[in-house]
Each structure stands twice: as C-alpha cells, then as structure tokens.
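Both ligands and their constituent atoms are indexed starting at 1 by order of listing. All heavy atoms count here, side chains included; hydrogens, waters and symmetry mates do not.
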Amino acid sequence: MPRTRDLTDPDWWRTAVVYQVYPRSFADGNGDGIGDLAGLIDRVPYLAGLGIDAVWLSPFYPSALADGGYDVDDYRDVDPRIGTLEQFDELVAALHAAGIRIVVDIVPNHSGSGHRWFQAALAAGPGSPERARYIFRDGLGEDGSQPPSDWVSHFGGSAWTRVPDPSSASGQGGQWYLHLFAPEQPDFDWSNPEVREEFHDILRFWADRGVDGFRVDVAHALAKDLSEPLASYPRIHRDVLKDDGTDVLFDRDEVHDIFRGWRDVMNEYDPPRSAVAEAWAAPARLPLYARPDELGQTFEFDLVVEPWDRARFRESIENALVRAREAGASSTWVLSNHDIVRHATRFGLPADVDLPAWLMTHGTDPVEDRRTGLARARAATMLLLALPGSAYLYQGEELGLPEVGDIPFDALEDPIWERNGHTEKGRDGARVPLPWTPDGPSFGFGSGGSHLPQPEWFADYAVAVEDADPSSTLNLYRAALGLRAQLATGDGFRFVDDRDGVIEVVRDGGWRSVTTFGTTAALPDGDVLLSSAPVGADRVLPADATAWIRDRA
Ligand code: GLC
Ligand code: CA
C-alpha cells in the first residue's frame, strides 16, 4: 500500500530508499526500443507499490550517447528520444503525488562534445575565453604531435585528443583537450569562475522545477593539478590515489570549495535540496564530501567489491557507519548500479573471479550459480535495509535480475569496448532493458524492440511473473520496504557478535536482523516478520539468508 510521506521534511534523505532509474532501459512508451519519460510516468504506480522513497534518474539530457548519456550536450533539456521538459514536469508531479521524491544526475566533470560551449571552444582557437572553460594545451614535441602529458582515460587510451587548428587552412598543428573519460566527454576547467557559475545555475534550473536532490557524477575529479609542467600520472585506479588531498587528478582539497558553493545554492530552497557524491576516493576521505556544508552524503562502494563473506561485510558496514557519523551524515548502502556487475551474479561466482575476464567468456567460464547468487542477493538486501542510513537500489535488482553476460560483441554500446581494443566488454550487462511481461516483443519493455538484446531467460524475471508469485524477489522487496518504513525509527543500533558466520543487528524498538553466511543459525526468540528464505518450525535459518524478527514485549 502506498504510504503518505511528508515532502517538506528536510532530513528525508538520511533514511531514504532511493531507486535508480537508468531511463533508456526502464520502460519504453513509444516502441522505439529506447526507454523514455512516457514509459517511466506509466510505471509510477509500480514504484509506489514497491515502497521506495525517491527515484534517482540517471542522465536524460540531450546526448550523443557516447557514454550512455553521461556525455551531456545540454544540461537544461531532455533528450528528444526520451521526452520533453513538459513530460519531465509531469513526471515530477506524478512522483510527488505518489509521495516519491526525485533526484537527478548532475555531470559536472565534463560535458558532451556536442555542448555549445565545447563547439565554441573548438571554433575560437587557442588562448580564447571559450577554450578556457575546458582544458586545452599545446602538444609536446617539436610539432606538438605528442599529448601534453601521459594521463590516461578511464575508458582506456590517452586522456588527450588533438583538435584541428581553426586558424590554419589545413587545420594542422592544433591543440589537445583533456578527457578523463571518452573523447566525447571533454573535461571542464573548474578553476574558471564561469564554469562554477554555470553549474550553480543548472542546479537552480532543476531545483526550480521541483527536483529534490542531486547525484553528483565523479565528484572527486573536478579539481586537478594543472600546474606546468603537467605532472606524470600514467595510471587511473582507486588504489593508487593519494589520500592527503594532493593527488594530481582526483580528490584534491580544492574540490571541497566547489561543493561548499553548491551547498549554498541548495540551501536557497525550502526544504534544502539534497545531494550524494559519487566519489571513488580513499575511504578515509569520503566523509569530507558528506559534510553538512557540502553534499550531505557520499556513496559507500565497499560492498560492491566485497565478496559474500561475513568478516568483510561486518567490517565494511562498521567502517561505513563510522565514516557517516564522522561527517554528521548518514550512510548509504549500495550493492548494484549501472556501472557494476549485478550483485545477484557477483554473489553466484567464486569470490576471486575476474569479472571483466568472465564477461569476455560471455558469462560461461566459470559457470554462475544462479540459485546461490540469488539467495545471497536477497539476504544482502535485507541485511542492508535493516541498517541505519539510506539505501540505493538499482532498477531490476528488485527482480533478482542477474547480469546479462552473453551480450554479443557487436551489440555492445559501452565505450569501454572500443576504447580497450575489444578486450573488455564494459557495463552493458547491467543495463539491459527490464522485463515487465514474460512475452511480447521486448518482454513488455515496450511495443517494439530493445536497444540492448534481452536473453530468453528474462521471461522468468518479468515483473508480471514475480508479481503473481508470493515468494518472488519482487514481493520480498515490497514486504521489506513496507516493514522497514514502520520499524526503522531512530539510529539506535548495535551488533550482536557472538556467533560464527552470522551478522546479527538489533535496532531500537526491538527489531532484529539475522544474516547467515555459509552456515545455518537458530533464530532468537520473537516473531519472524520476514525472511529471505523459508524458516521451518524448528526456527532454523538456512545458510545465506536473512530474517527479521520482532522481540516479544
Ligand atoms: C560515472 C558514471 C558512469 C560514467 C562516468 C563518466 O562513474 O556512473 O556511468 O561513465 O561517471 O561520466
Ligand atoms: Ca522510447
């Protein structure tokens, strides 16, 4: 049953369950194979019935789709393939009427190369104010034919691309521009006040339209050390980041100044707009982004890399809670998103599996244990939903959907595939359009096809199928979210650490959650409210399961 929520509560985000919609793959309203706002508006009752508090909408802006929409050509509009601004307003109204908030994705590190600013920069030439909004440099070597530094792109290859010189008839001898991601994603120069002003204005544009919060894409990359000569930085990996605010490209101290400016803008609104940082920074530095005078929250990504292991889960949870407390924030629990192999699959593969290599075998080697993966995924979700803080769910995880490992090479859309010389498939396996019905041209995604191929087995995970099955993952999520809303009062919480292979959590008000990792466990006294796997009359919880129990008064 949809709940009523107070849309004026300024602290809603601290405990919210936020559901990520990847719009091109959620629901297609006009049958062209691409998900859109019409499809999403139609499914608002589904979202209300699921019991989420907010939708996080991944980029829906005009884009050449060089990186699934994270190459934004216009920050103040809707991609015509996805809809119109009027439909966006309609979506906000429909969500709000259902008591659901909306968070939009802001992509401040780079624009798309079709953005009017980048096009102006190309035309204006070296030394112009137009180029100063981005990061243009002369090349090295006598004829400038070498990139300005050894920096590499996240998606493979050099982070620099050379452009023609608009002042020479041949176009020869042009400058290079920086792109930490695809060449179609030129990085802004955030030391330029014009860039800062522009983004303040973009935040206001969406806040004025009723948007409740922002998810900040690669928040840790905005400030860079651009002093000459450019420092060497031949590798991009979270493990090589310095953790003292002086790394060349990421998580530099100056970035916090930018977000303090954003907080001032977000506080112009009543209630203040919320934000969550996507920052792949050293764990100890994450609380900085979440400070009350900055973004408020930052994603905790530990559990998207950890295997199904009691000690690793216990430690990650503890650390995340400590970090959130340090920042005066609340923790964020994440198991999946559009960049990561879906967790129902991760937990069904050996702990030490090399996921990109596994995808290159089209998901055949090693063979995934779907039953175990799903059991653990359900248990993990219930464990995280029992913790203080907010939870971020990714579309399809409520169906227990596995990764699509067997997308043929020639159907891939992720730039990672081309940029790595066809050695890595990338992230498309988590972005395949959702199955809504067990049959139909695209399993009910729309009346036409689907921009990424859906496998036959999607039928088993269709919303309509799971809706009708009381033991389905969809119905487990619905029940869990409904109970959580009633039970999760306050932050009061402790672990009961007296059993091997078990994580037991006790919340204020006598709500207990017990999770088993590879072992069974006798449940403590109390009423079993919900469990991810059947509990027998002997009250033994099977392995790889979670049960919620209410203490008897
Ligand atoms: C973030 C997004 C990812 C995108 C990248 C570049 O990591 O989640 O999908 O490719 O930023 O914008
Ligand atoms: Ca469409």
Minimum-distance atom from the Ca ion (ligand 2) among N, O or S atoms of Asp32: OD1
Any N or O of His338 closer than 3.5 Å to N or O of ligand 1: yes
Residue Arg427 vicinity, atoms of ligand 1 by number, heavy atom under 4.0 Å: 3 (C), 4 (C), 9 (O), 10 (O)
Closest protein heavy atom to atom 8 (O) of ligand 1, given as residue, atom name and distance to 0.1 Å: Asp339 OD2, 2.5 Å
Salt bridge Arg427-Asp414, side-chain N to carboxylate O under 4.0 Å: yes
Cation over ring face, Arg346 and Trp308, 6.0 Å, 45°: no
Any side-chain donor near an acceptor of the partner, Tyr19 and Glu398, under 3.5 Å: yes
Phe155 heavy atom under 4.0 Å from ligand 1: yes
Metal proximity, Ile34 vs the Ca ion (ligand 2), N/O/S cut-off 3.0 Å: yes
Closest Asp36 atom to the Ca ion (ligand 2) [N, O or S only]: OD2
Trace of the side-chain contact (heavy atoms from CB on, under 4.5 Å) decision for Leu222 with Phe250: CA-CA 8 Å; Leu222 308 193; Phe250 298 100; over 6 Å; no
Approximate separation, where rounding is to 0.5 Å, of Trp333 CH2 and Thr381 OG1: 13.5 Å
Proximity flag Arg215 to ligand 1, non-hydrogen atoms under 4.0 Å: yes
Salt-bridge present (Asp74, Arg116; N to O < 4.0 Å): no
Straight-line distance of Leu85 CG to Leu37 CG, nearest 0.5 Å: 9.5 Å
Atom of Asp28 nearest the Ca ion (ligand 2) (restricted to N/O/S, atom name only): OD1
Glu397/Arg342 ion pair, N-O < 4.0 Å: no
Close approach of Arg431 to ligand 1, heavy atoms, under 4.0 angstrom: yes
Nearest non-hydrogen protein atom, atom 1 (C) of ligand 1: Asp217 OD1, 2.7 Å
Those atoms of ligand 1 less than 4.0 Å from some heavy atom in His110: 6 (C), 12 (O)
Presence of salt bridge, Asp201 and Arg76, under 4.0 angstrom: yes
Contact check, His154 vs ligand 1, heavy-atom distance below 4.0 Å: no
Salt-bridge present (Arg252, Asp257; N to O < 4.0 Å): no
Nearest non-hydrogen protein atom, atom 5 (C) of ligand 1: Phe181 CE2, 3.8 Å
Closest approach of any protein heavy atom to atom 10 (O) of ligand 1, naming residue and atom: Asp67 OD2, 2.6 Å
Residue, atom name and distance, where the atom is the protein heavy atom closest to atom 7 (O) of ligand 1: Glu278 OE2, 2.7 Å
